[in-house]
Protein chains: 4
Amino acid sequence: MIVVLKPNVKPEQIEHLKDWIHSLNIDTHVSVGENHTIIGLVGDTSAVDIDLINALDIVETVKRIQEPFKKANRKFHEEDAVIDINGVKIGGGNFQIIAGPCSVESEEQICSIAQSVKASGAGLLRGGAFKPRTSPYAFQGLHATGIDLLLEAKEQTGLPIVSEIMSMEHLPLFEHVDVLQVGARNMQNFEMLKELGKINKPILLKRGLANTIDELLMSAEYIMASGNENVILCERGIRTFETRTRNTLDLSAIPVLKKLTHLPVVIDPSHAGGHAYLVKPMALAATAAGADGLMIEVHNNPEKALCDGPQSLTPAAFAEVADLVFKIRPYACTYNEKI
Amino acid sequence: MIVVLKPNVKPEQIEHLKDWIHSLNIDTHVSVGENHTIIGLVGDTSAVDIDLINALDIVETVKRIQEPFKKANRKFHEEDAVIDINGVKIGGGNFQIIAGPCSVESEEQICSIAQSVKASGAGLLRGGAFKPRTSPYAFQGLHATGIDLLLEAKEQTGLPIVSEIMSMEHLPLFEHVDVLQVGARNMQNFEMLKELGKINKPILLKRGLANTIDELLMSAEYIMASGNENVILCERGIRTFETRTRNTLDLSAIPVLKKLTHLPVVIDPSHAGGHAYLVKPMALAATAAGADGLMIEVHNNPEKALCDGPQSLTPAAFAEVADLVFKIRPYACTYNEKI
Amino acid sequence: MIVVLKPNVKPEQIEHLKDWIHSLNIDTHVSVGENHTIIGLVGDTSAVDIDLINALDIVETVKRIQEPFKKANRKFHEEDAVIDINGVKIGGGNFQIIAGPCSVESEEQICSIAQSVKASGAGLLRGGAFKPRTSPYAFQGLHATGIDLLLEAKEQTGLPIVSEIMSMEHLPLFEHVDVLQVGARNMQNFEMLKELGKINKPILLKRGLANTIDELLMSAEYIMASGNENVILCERGIRTFETRTRNTLDLSAIPVLKKLTHLPVVIDPSHAGGHAYLVKPMALAATAAGADGLMIEVHNNPEKALCDGPQSLTPAAFAEVADLVFKIRPYACTYNEKI
Amino acid sequence: MIVVLKPNVKPEQIEHLKDWIHSLNIDTHVSVGENHTIIGLVGDTSAVDIDLINALDIVETVKRIQEPFKKANRKFHEEDAVIDINGVKIGGGNFQIIAGPCSVESEEQICSIAQSVKASGAGLLRGGAFKPRTSPYAFQGLHATGIDLLLEAKEQTGLPIVSEIMSMEHLPLFEHVDVLQVGARNMQNFEMLKELGKINKPILLKRGLANTIDELLMSAEYIMASGNENVILCERGIRTFETRTRNTLDLSAIPVLKKLTHLPVVIDPSHAGGHAYLVKPMALAATAAGADGLMIEVHNNPEKALCDGPQSLTPAAFAEVADLVFKIRPYACTYNEKI
């Protein structure tokens with residue numbers, strides 16, 4: 001961290017600031033320039049609050065040089081992380097499609113979708129049992145029953161399962177769920193992140209609608225700092241002024257994350273846009289840009305299509321997308337080398 | 001809700017859609033136009049997922065007419081809500097300043113600030129014991145000790161206290177805290193909102209950094225629908241592209257909220273900007289625009305100014321701001337009438 | 001356009017509104033519902049100001065059904081437009097890479113880059129002679145000399161050239177430039193758009209940093225309504241809260257635009273991110289998503305690399321990207337069918 | 001400007017960079033730290049492209065210390081600028097309300113509004129003769145006739161007039177217009193800004209919908225650097241994700257601008273929100289925050305209310321707002337001292 005002081009700062013003020021920095025167990029290296037004195041902070045500055053220093057009267061500007069995340073930082077972990085989910089690997093060249101319905105509705109629904117997406121090449125099954133809904137009056141999921149149905153589909157197909165957890169009180173229900181998903185709205189539910197760091201399951205961490213890439217990494221850091229390093233990052237669209245799409249899928253997050261972290265990066269093209277016709281182009285784009293995986297909503301209910309998700313593909317449409325994804329993969333960006 | 005169908009939709013498709021709507025216990029009123037058929041939904045549409053209908057193949061567009069919030073809706077509750085906090089009232093013409101330090105640090109700190117802000121006219125004391133921090137390595141608050149110190153300050157001054165709760169597991173610690181604050185990052189932690197609806201304390205609900213005004217009201221609705229109607233709304237800045245301020249304080253939220261809801265609206269000018277020099281102008285502006293209250297950070301530690309919050313006022317600066325606030329109040333916007 | 005009136009509107013108010021709508025040469029179709037009266041506007045509503053109607057006292061809400069753009073609307077022009085640039089075609093299955101330096105600097109520079117990008121498969125040469133710069137003190141381009149150098153490169157390679165025009169007063173200088181580029185900052189310089197509609201050259205219209213897709217199409221409509229239908233649309237990144245990239249490239253704009261308009265869509269992966277390492281993944285992603293072309297910055301100045309653009313590729317890096325782009329093209333999304 | 005180099009940069013690379021910086025007539029001051037070498041740039045860095053340096057391979061990070069604007073910078077001009085508009089002063093404690101209709105429609109309309117707003121305390125008259133409209137099919141203003149009508153109202157009331165110019169070709173028509181307004185969409189029409197710097201009239205420069213405060217100041221700098229220092233800045237709402245208001249009025253821009261520049265700051269509460277009910281609270285708020293002026297839309301056409309602007313006040317409503325504004329002024333923030 002580089003702290004640039006304002007002109008005309010008094011020596012005792014500089015000493016005061018240095019003393020305070022030293023009290024944080026950080027060394028200082030002072031460089032007196034023509035107009036400005038610069039203090040370099042040497043040591044682990046990850047706990048230093050940059051906003052606080054920035055607002056001090058005597059400080060002109062501050063610049064963080066070292067990223068404040070450590071365990072999630074590629075600088076300290078050059079090799080790609082490979083997350084092993086009951087034998088299904090993601091990261092380090094291993095690419096996976098996670099597919100399934102928005103909500104688990106019935107045994108027939110989830111098992112039939114599971115079988116069809118498996119046949120098309122999906123490596124994991126997703127399905128919501130606890131659904132975060134903007135309205136308290138909207139359907140909130142089948143809860144325990146939904147989890148049971150997912151486990152049934154897992155047994156029938158062998159596909160590991162991914163499902164969202166919304167409160168740590170529900171943890172016992174997730175005992176046999178393979179990957180716990182943290183939804184976008186809970187990305188900065190720090191108490192939950194700490195608890196998730198104490199368990200021994202991969203976590204799929206979704207980026208919040210208005211969270212920066214750095215904040216996503218800091219939330220991963222919360223989980224990792226508590227002991228669980230099996231974190232998969234997921235970009236699912238950010239909030240912008242554009243109204244033709246529900247959110248704006250930020251595909252640049254792929255190369256940016258690949259540069260900053262060794263954790264796998266998955267893209268969810270279904271939620272971002274909010275329309276089924278956007279899923280295919282965004283799935284292909286994410287693949288070409290070098291994502292480690294995709295998370296795609298699939299429904300199978302032609303009779304009751306009205307209640308299926310607006311952003312879901314039919315199994316047939318999913319099969320077509322998966323086929324093109326696998327054809328594009330050989331030409332996709334790779335991030336083996338240091339960038 | 002008005003559903004406009006695409007041209008050339010077949011009669012059986014319309015019947016199919018109507019059947020599905022009726023299955024939600026909502027009546028339909030169909031109007032056949034020259035190009036477009038329009039279906040009006042008659043009844044309580046608050047549980048209807050507009051995105052889902054919008055994405056149906058046969059639908060051109062959907063428009064919600066009735067807001068999806070009911071208990072928080074001024075249409076069904078014309079009179080301003082007045083929240084009574086141990087005798088200190090807010091809303092319905094009652095204006096309050098909530099002041100105090102970002103974090104509780106020591107008995108001397110919190111009690112001395114409490115006394116000085118009370119002398120300047122503050123009606124409630126704020127102080128953080130559990131601090132949501134982006135980094136797991138940053139100071140996270142004094143926890144139980146912090147709450148104890150707040151209670152000590154309450155006893156000395158008689159000021160009711162406001163403090164943030166980050167997990168329902170901590171609820172027992174908040175037994176004597178007068179107002180529970182839900183931070184911006186937990187605004188859509190729906191499981192927490194449901195739990196807060198079951199207790200009998202006023203909730204100060206902060207708007208999320210990227211949440212719309214409607215989403216804020218839907219989160220209030222979660223609390224109210226579970227039984228607790230004592231909700232105070234708080235605007236604290238939204239995330240935009242501007243970098244000179246930490247967030248952009250959205251003061252238009254005051255008249256918009258006053259039109260949509262009867263709940264009190266408080267403005268936090270300290271967090272939005274991230275710099276002390278922005279607090280005074282934004283506090284005066286919020287007052288003139290007709291806010292029901294302000295939430296202002298105050299620190300008192302001239303000896304150790306380095307570790308106090310960058311956006312905090314000294315007690316003397318706070319006294320000056322409070323004085324001007326009370327002078328502007330008589331000329332501020334009022335929202336007695338229906339807008 | 002559907003206008004939903006508030007409950008309890010008086011018949012004479014409805015008549016007043018209808019009269020006013022009729023005065024705009026638009027018919028009305030009134031439907032009286034249980035709570036709400038709905039007025040359907042029948043006819044060409046493209047000139048109707050939706051904000052104005054929306055704000056009338058008696059109006060609950062308004063919804064536009066017909067897009068306000070006509071000449072740029074795929075509904076009235078199902079076939080993809082194919083723009084012919086001196087024999088180089090773009091759109092309707094014809095894919096082109098436009099490559100070249102940010103600024104034209106010297107004959108050697110522009111001719112050498114032109115030759116190398118042509119060899120790698122680029123179909124058009126780009127180069128800035130007039131540069132829009134945030135600072136009046138920054139280098140503003142070589143102006144007339146820059147155009148002359150571009151024409152020299154065109155003569156040597158046969159590549160048609162694309163260059164930005166910043167004022168219609170400079171038009172005579174662009175006599176032999178093949179495609180006139182309108183920069184993001186001039187996207188809503190309506191007087192300029194009208195003038196560009198009167199000339200007979202393809203226009204490459206860049207989306208403004210904070211402009212919606214609909215506004216981009218309305219700006220295209222300005223050019224087309226004045227007589228010039230040769231418009232190429234270009235997405236180059238929008239402004240969001242994310243700071244790791246200069247702007248956020250909105251690749252969902254490809255399928256959205258392909259649905260709404262028949263005009264070709266080009267993606268500029270160089271400007272959005274602001275870093276060379278982002279160009280390759282975003283170029284591949286845009287290709288996979290079905291863009292009609294790419295616009296990529298290339299520099300060739302190893303000796304003086306300091307002054308070349310931070311987002312530029314070397315000719316060798318460009319050759320590698322182009323090669324992968326052409327390999328991905330066969331599997332890219334297509335938009336032949338109606339979506 | 002402080003340039004922090006990456007670890008392990010070779011001495012010849014540092015020399016190369018220094019040589020290049022010196023070639024821009026800027027001195028360097030190198031400080032070698034434990035991990036990082038820091039180069040301080042000493043001299044006028046306003047023309048240096050920070051993005052360019054930031055993207056160099058050997059650079060870890062860059063931080064600008066000196067703002068890139070000079071003529072608009074309060075550091076070099078401590079006293080508030082006072083703009084004299086035919087005897088009506090704004091800035092330096094002089095507060096003005098600019099009021100009038102969105103579009104000039106008829107002599108009766110503009111003269112009657114002019115008289116009533118003058119009676120309520122407005123100091124300047126606004127009215128649009130050239131209207132920037134998103135759609136080419138929408139009404140674009142009365143053009144020359146509109147200007148003539150404004151001049152007639154000026155003669156009748158003595159109020160100086162403000163009107164928007166959309167192309168420098170129209171300049172002769174504006175000979176007797178007192179203040180030329182640059183609309184938000186032309187804020188970065190740099191060629192126009194340069195031309196406006198060569199004339200001798202005050203310019204009211206509106207902030208673009210997605211432009212930062214720094215970019216607004218750089219656009220003011222374009223005008224000032226060309227010779228015209230009579231620039232009035234105007235905040236009119238920025239584009240965010242919130243949809244209840246057309247744009248989000250950024251009132252924090254007042255203290256931020258007051259700190260950075262000596263130019264007067266005017267707030268337009270009418271355009272930002274897009275609804276008349278938002279004008280009063282935002283006008284009062286802007287006044288309390290210490291704006292130097294307000295720009296408010298007023299219409300007077302009760303018979304033809306349908307075609308008046310949705311965000312306009314009636315003369316009676318304007319009178320009430322103006323009265324409260326003048327009552328709040330004595331308690332408003334002031335920025336006499338250095339901040």
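Naming convention: chains lettered A, B, ... in sequence-line order (proteins, then strands); numbering from 1 in each chain. Model, not experiment: these values are computed from the prediction. What you see below is based on every heavy atom in this structure, not just the backbone, and it leaves out hydrogens, waters and symmetry mates.
Using a cut-off of 4.0 Å between Lys/Arg side-chain N and Asp/Glu carboxylate O, Arg185(B) and Glu215(A) are scored as not salt-bridged. A salt bridge links Lys75(B) with Glu67(B): at least one charged nitrogen is closer than 4.0 Å to a carboxylate oxygen. The existence of a salt bridge linking Glu60(B) and Lys6(B) is excluded, since no basic side-chain nitrogen approaches an acidic carboxylate oxygen closer than 4.0 Å.
Of the atoms belonging to Asp44(B), not a single heavy atom falls under 4.5 Å from chain A. Of the two parts of Thr212(B), the backbone and the side chain both hold a non-hydrogen atom closer than 4.5 Å to a non-hydrogen atom of chain A. Looking at Asp214(A), there are no atoms closer than 4.5 Å to chain B (heavy atoms on both sides), in backbone or side chain. Within the 4.5 angstrom heavy-atom criterion, atoms from both the backbone and the side chain of Pro132(B) approach chain A. Using a 4.5 Å cut-off between heavy atoms, Arg133(B) contacts chain A through both its backbone and its side chain. Looking at Asn186(B), only its side chain comes within 4.5 Å of chain A, counting heavy atoms on both sides.
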**Request:** Just do the side-chain contact (heavy atoms from CB on, under 4.5 Å) check on Ser219(B) and Leu205(B) with the steps written out, would you?
**Result:** CA-CA 8 Å; Ser219(B) 286; Leu205(B) 179 65; 3.9 Å; yes
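Interface remark: of the candidates Asn211(B), Ile238(B), Thr134(B), Thr134(B) forms the most heavy-atom pairs closer than 4.5 Å to chain A. No other option in Met187(B), His170(B), Met168(B) has as many heavy-atom pairs under 4.5 Å with chain A as His170(B). Top candidate by heavy-atom pairs under 4.5 Å with chain B, chosen from Ser167(A), Gly208(A), Ser135(A), is Ser135(A).
Between the side chain of Ser226(A) and the backbone N or O of Tyr222(A), at least one donor-acceptor pair lies under 3.5 Å.
The one candidate from Lys70(A), Glu221(A), Met224(A) that meets the side chain to side chain contact (heavy atoms under 4.5 Å, CB included) condition with Pro136(B) is Glu221(A).
Side-chain atoms of His299(B) and Thr314(B) include no donor-acceptor pair closer than 3.5 Å.
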